[in-house]
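Accompanying notes for the structure given below.
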Amino acid sequence: RRALDGRSSYDCRHRVLRADGSVRHVHGRGKVLFDAQGRAVRMTGAVLDITERVQAEEDLRLYGFVLDAIADPVSVADSDLRYRLANAAWLRVNARRRDEVEGRTMDELFPRVVSPLRRQALLDCNADRQPRVVQAPSPSIATPDQILETRYFPFDDPHVPWRGTVMVSRDITALENSADNLRLTLNTIGDAIFAIDARGPDDPVLFANDELLRLWHIPPERANPLTARTIMVFATRLFRHPESESARVQAIVDGNLSADDRLELTDGRVLQRRCRPRLHHPRTVRVWTFRDVTAEVNALRALA
C-alpha cells in the first residue's frame with residue numbers, strides 16, 4: 001500500500017497460510033511505475049518461498065544457543081590453524097570477543113605459545129586425522145591454576161570446503177586432588193564411570209559412580225554387588241545396534257584394547273565411550289567412561 005501511495009518499491013518478508021493449513025515464509029519485492037500525473041500504472045515484482053532458509057536460520061540460532069550453553073570451552077580450527085568457531089565458554093576463558101576470534105589464526109590471537117603440548121596435539125590431529133587428548137595446566141592467564149583436559153577430534157565433512165579439528169576442554173583440576181575427594185568428583189562431573197579387573201563377568205566391579213547407574217537405569221537393588229554382566233544386561237536394552245555393539249565390547253575385552261568411539265542409544269542420545277586398560281599386577285584393570293555428547297554432536301552438525 002505504501003508503494004502504491006508513492007514510495008515506488010517494497011521489500012518485505014511475511015508468512016502465508018495455504019489452503020492445506022501449512023504456513024510458508026515468503027520474501028516479496030516489487031516496484032511501482034507511475035505516469036506523469038503520479039498515478040500508479042504498473043507494478044512488477046517477484047515472490048520467493050524462503051521457508052527452508054528461514055528454518056535453517058532458526059536451526060542455526062537454536063544450535064548456536066545450545067553450543068553456548070555447554071559449560072566446556074569448545075572451538076574449531078581449520079588446517080591453517082584459523083579459528084572457525086568458538087562457544088561462549090571458550091570466549092570467556094580466553095577473555096575474547098567473538099568478532100575478534102573467528103577468522104583469525106592461532107598465532108594472531110596467541111603470539112606467545114603458552115601451551116606447546118596443546119599446539120602440537122592440534123598439529124598432529126590435523127596431520128594424521130586421529131583424536132588426541134592432552135591433560136595439562138590451563139593456557140589461559142585468567143585460569144592458570146586449572147588443570148584442563150583438551151580433546152581433539154578431526155573434522156572432515158564432504159559438504160564443507162575445509163577440514164580442521166574440533167577442540168573440547170574441561171576442567172579436571174578436582175581429579176588432581178586427594179583420594180578422599182576422588183569419589184565425590186567422579187559422582188559430580190557428569191560422566192558415567194566404572195572400573196573392572198580382568199576376572200569373570202559375574203565378579204563385582206571395582207568402582208562404579210552414581211551416574212553409571214542412572215545412565216543404564218540400573219536399580220539400586222541390582223547394584224549390590226554390581227557386576228559386568230548386570231551392566232551389559234541393562235545397557236544392551238538401550239543400544240541402538242545391540243548385536244554389533246555387544247560384539248564391539250567383547251572385542252575390546254578379548255583384545256585388551258583401548259577404545260574411544262561413539263555409541264548411539266535408542267532414545268536418540270549419543271555417548272562418547274572410552275576404555276583404558278591398565279596393568280595392575282597381576283590383573284588388568286579397565287576403566288570405562290561414558291559421556292553424553294548429544295548436544296555437541298547435534299550442534300556441530302547443524303553449524304557445519
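In this structure a side-chain-to-backbone donor-acceptor pair under 3.5 Å is present from Asn87 to Val74.
With contacts defined as side-chain heavy-atom distances shorter than 4.5 Å, the pair Ile231/Ile196 does not qualify. Looking at Val168 and Gln272, their side chains never come closer than 4.5 Å, going by heavy atoms from C-beta outward. In this structure, Arg240 and Leu265 have side chains that are not in contact, with every pair of non-hydrogen atoms separated by 4.5 Å or more. A 4.5 Å side-chain heavy-atom check between Thr165 and Val76 finds every atom pair outside the cut-off. Using a 4.5 Å heavy-atom cutoff, the side chains of Asn94 and Leu109 are not in contact. A heavy-atom distance below 4.5 Å is found between the side chains of Met232 and Phe239. In this structure, Arg29 and His27 have side chains that are in contact, with non-hydrogen atoms separated by less than 4.5 Å. Here the side chains of Tyr152 and Asp124 are not in contact, with every heavy-atom distance at 4.5 Å or above.
Applying the ring-ring contact (aromatic ring centres under 6.0 Å, His included) rule to Tyr83 yields the partners Trp90; only residues at least two apart in sequence or on another chain are considered. The side-chain hydrogen bond (donor to acceptor under 3.5 Å, both in side chains) check on Asp107 picks up Arg119, with sequence neighbours excluded. For Asn224, the side-chain contact (heavy atoms from CB on, under 4.5 Å) criterion is met by no residue, not counting sequence neighbours. With sequence neighbours excluded, the residues forming a side-chain hydrogen bond (donor to acceptor under 3.5 Å, both in side chains) with Glu149 are Gln135, Arg170, listed by chain and number. Asp202 pairs by the side-chain contact (heavy atoms from CB on, under 4.5 Å) definition with Arg229, not counting sequence neighbours. With sequence neighbours left out, Asp99 forms a side-chain contact (heavy atoms from CB on, under 4.5 Å) with Arg97. For Arg214, the side-chain hydrogen bond (donor to acceptor under 3.5 Å, both in side chains) partners at least two apart in sequence or on another chain are Glu211. By the ring-ring contact (aromatic ring centres under 6.0 Å, His included) test, Tyr63 pairs with no residue at all, sequence neighbours left out. In this structure, Arg53 has no side-chain hydrogen bond (donor to acceptor under 3.5 Å, both in side chains) partners at least two apart in sequence or on a different chain. With sequence neighbours excluded, the residues that form a side-chain contact (heavy atoms from CB on, under 4.5 Å) with Asp35 are Gln37, Arg39, Val41.
At a threshold of 4.5 Å between side-chain heavy atoms, the hydrophobic network of Ile, Leu, Val, Met, Phe, Trp and Tyr places Leu85 and Met167 in two separate groups. Both Trp162 and Leu303 are members of a single hydrophobic cluster when ILVMFWY side chains are connected at heavy-atom separations under 4.5 Å. Under a hydrophobic clustering in which Ile, Leu, Val, Met, Phe, Trp and Tyr are joined whenever their side-chain heavy atoms come within less than 4.5 Å, directly or via other members, Phe65 and Ile70 fall into different clusters.
Shown here for Ala71 and Ala89, the closest heavy-atom pair between the two residues is O-CB, 3.4 Å. When every heavy atom of Ala86 is checked against every heavy atom of Leu91, the shortest pair comes out as CB-CD2, 4.1 Å. The shortest non-hydrogen separation linking Ala195 to Val287 is CB-CG2, 4.1 Å. Here the closest heavy-atom approach between residue Leu117 and residue Ala136 is recorded as CD1-CB, 4.4 Å. Across all non-hydrogen atoms, the minimal contact from Thr150 to Ser169 is OG1-OG, 2.8 Å. Of all non-hydrogen atoms in Val270 and Thr294, the two that sit nearest each other are N-OG1, 2.8 Å.
Note that CG of Leu67 and CG of Asn298 are 11.5 Å apart. Values are rounded to the nearest 0.5 Å.
A salt bridge is defined here as a Lys NZ or Arg NE, NH1 or NH2 lying under 4.0 Å from an Asp or Glu carboxylate O, and Asp68 with Arg98 meets this definition. For the pair Arg276 and Asp260, the salt-bridge criterion is met [side-chain N within less than 4.0 Å of a carboxylate O]. Using a cut-off of 4.0 Å between Lys/Arg side-chain N and Asp/Glu carboxylate O, Asp261 and Arg248 are scored as salt-bridged.
A cation-pi arrangement, defined by a distance under 6.0 Å to the six-membered ring centre and an angle within 45 degrees of its axis, is present between Arg237 and Phe234.
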Residues Leu215, Arg269; criterion side-chain contact (heavy atoms from CB on, under 4.5 Å); working and verdict: CA-CA 11 Å; Leu215 173 64; Arg269 287 180 297 168; 3.6 Å; yes
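There is no side-chain donor-acceptor pair under 3.5 Å between Asn126 and Ser79.
Ile50 forms part of a hydrophobic cluster together with Leu48, Val54, judged by ILVMFWY side-chain heavy-atom separations under 4.5 Å. Its side chain within the 4.5 Å cluster rule, Val47 clusters with Val16, Val26 among the Ile, Leu, Val, Met, Phe, Trp and Tyr residues.
The number of heavy atoms from other shown groups lying within 6.0 Å of CD (Glu243) does not exceed 12.
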